[in-house]
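For the single chain, residues carry numbers from 1 onward in sequence order.
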Amino acid sequence: MKVVKSSEVRKSGTQALRKTLGPVGMARYLEEYDNGGRGDYTKEKYEQPEYSIEEILAGRKSL
């Protein structure tokens with residue numbers, strides 16, 4: 001059995017989830033997993049701030 005770093009396991013798992021469930025399904029799965037089934041994904045997704053592409057790109061430049 002090959003020993004794999006935790007970061008590689010996480011990366012492979014995330015890729016598998018995205019490939020199988022798509023980006024929205026992956027996000028919903030991770031939300032369910034992280035919150036133990038608590039919360040309201042549909043409500044919470046609309047509570048997120050909406051950024052323009054310009055704001056997102058400007059934020060990346062400051063990193």
Side-chain angles (χ1 to χ4, degrees):
M1 176 181 216
K2 182 180 174 184
V3 177
V4 182
K5 294 180 186 179
S6 294
S7 61
E8 287 298 316
V9 170
R10 201 168 26 256
K11 180 180 176 182
S12 295
T14 302
Q15 288 173 342
L17 284 170
R18 186 171 182 180
K19 180 179 178 183
T20 302
L21 302 174
V24 173
M26 178 187 75
R28 290 181 68 191
Y29 174 82
L30 293 173
E31 175 82 14
E32 179 78 18
Y33 180 77
D34 287 343
N35 289 332
R38 295 182 308 272
D40 184 343
Y41 168 79
T42 303
K43 178 183 172 193
E44 291 171 5
K45 73 178 179 178
Y46 292 110
E47 293 174 353
Q48 301 299 317
E50 291 193 25
Y51 296 108
S52 68
I53 190 69
E54 291 80 15
E55 291 171 313
I56 293 169
L57 293 175
R60 280 191 76 202
K61 291 178 185 174
S62 66
L63 295 176

Could you list the donor-acceptor pairs under 3.5 angstrom formed between side-chain atoms of residues 16-26 and any protein atom two or more places apart in sequence or on another chain?
from, atom 1, to, atom 2, distance (Å)
T20, OG1, A16, O, 2.9

- First locate atom NZ of K2, then atom CD of E8, and finally report the distance between them rounded to the nearest 0.5 Å. 8.5 Å
- Item | Any residue meeting side-chain contact (heavy atoms from CB on, under 4.5 Å) with S6, in chain and number order, not counting sequence neighbours | R10
- Query: Under the side chain to side chain donor-acceptor pair (under 3.5 Å) test, which residues partner E54, sequence neighbours left out?
  - Reply: S52
